[in-house]
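Written out below as structure tokens is the structure these notes cover.
Residues: numbered from 1 along the sequence shown.
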Amino acid sequence: MSIIDPADRRGATKLGRRPSAKNAAAVLVMLFVAGAAIGYGLSFLAAGGLHWQRLGAFLVGCPLTLLGLFSWISMCVKYGRGGLLYGPTTAVLGFGAVLTALAAATSVRRGRRRREAARTVRSGTPTVGTVTGKGYRDFTPRPFGPSTILTVVTFTFVDANNVQRWVRRQMLISSDAPVVDGQTTTIWYDAADPGNESTIVVDLATTSAR
């Protein structure tokens with residue numbers, strides 16, 4: 001016999017317990033991974049173009065984040081414990097960690113490309129390049145500011161052996177400075193290996209990437 005309702009006693013006992021460390025860790029890991037997936041998915045905004053891997057990561061990360069947050073909030077309510085912000089914070093940490101890592105990797109890669117381009121400009125052979133494919137039709141008008149297009153532009157040049165070659169470069173083109181077919185620019189290439197596209201520097205494309 002008791003003067004306390006057993007049902008109330010069981011409820012109070014459950015509220016006083018800590019959730020399983022394994023369960024809590026699993027939910028936090030889920031939220032971190034989900035935030036990282038969203039961060040990786042949104043990196044297409046900086047990369048430009050449609051990347052199916054990033055889009056897939058974003059589509060998986062969103063529902064996974066919602067599931068993780070629902071699980072974490074339910075766990076906190078069930079056991080009467082605080083720490084509601086731990087779940088969202090973990091997701092944000094995952095998001096930020098991936099974006100930081102991607103930004104660092106991009107910075108390193110761009111720095112290496114700039115150094116390689118500088119070496120080619122110093123020691124390479126300059127020639128005149130011509131735009132043979134500007135990569136777009138028209139700009140979409142904007143109410144404020146210039147329009148921009150991220151596209152691939154095709155250039156051609158003739159090397160020292162009188163061989164015509166083509167090279168393509170991704171460019172961010174503004175309506176204030178459009179690229180047109182027949183436009184000329186300076187191209188540097190390695191005379192010892194003129195077909196090596198990775199060592200070719202296109203002045204117009206390099207200016208666009210700055």
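Applying the side chain to side chain donor-acceptor pair (under 3.5 Å) criterion to Asp159, with sequence neighbours excluded, gives Arg165. Every residue meeting the side-chain contact (heavy atoms from CB on, under 4.5 Å) condition with Arg122, not counting sequence neighbours, appears here in chain and number order: Ala118, Arg119. Partners of Arg168 under the side chain to side chain donor-acceptor pair (under 3.5 Å) rule, at least two apart in sequence or in another chain, are Thr154.
Closest approach of Tyr136 to Ile173, counting heavy atoms only: CE2-CD1, 3.8 Å. In plain terms, the two heavy atoms of Gln170 and Leu150 that are nearest each other are CG-CD1, 3.9 Å. Nearest heavy atom pair, residue Asp181 against residue Lys134, reads OD1-N, 2.9 Å.
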Please list every donor-acceptor pair under 3.5 Å in which a side-chain atom of residues 183-194 meets a protein atom from a residue at least two apart or in another chain.
residue: Gln183; atom: OE1; partner: Val180; partner atom: N; Å: 3.1
residue: Thr185; atom: OG1; partner: Leu204; partner atom: N; Å: 3.1
residue: Tyr189; atom: OH; partner: Ala160; partner atom: N; Å: 2.8
residue: Asp190; atom: OD1; partner: Ala192; partner atom: N; Å: 3.0
residue: Asp193; atom: OD2; partner: Asn196; partner atom: ND2; Å: 3.4

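Sorted pairs that involve residues 55-64 and meet salt bridge (Lys or Arg N to Asp or Glu O under 4.0 Å), not counting sequence neighbours, are lacking altogether.
Counting heavy atoms from C-beta outward, Ile200 and Phe155 have side chains that stay 4.5 Å or more apart.
Atom OG1 of Thr206 is separated from atom CZ of Arg169 by 8.0 Å, given to the nearest 0.5 angstrom.
Under a hydrophobic clustering in which Ile, Leu, Val, Met, Phe, Trp and Tyr are joined whenever their side-chain heavy atoms come within less than 4.5 Å, directly or via other members, Val167 and Met171 fall into the same cluster. Tracing side-chain contacts under 4.5 Å through hydrophobic residues (I, L, V, M, F, W, Y), one reaches Val153 starting from Ile149; they form part of the same cluster.
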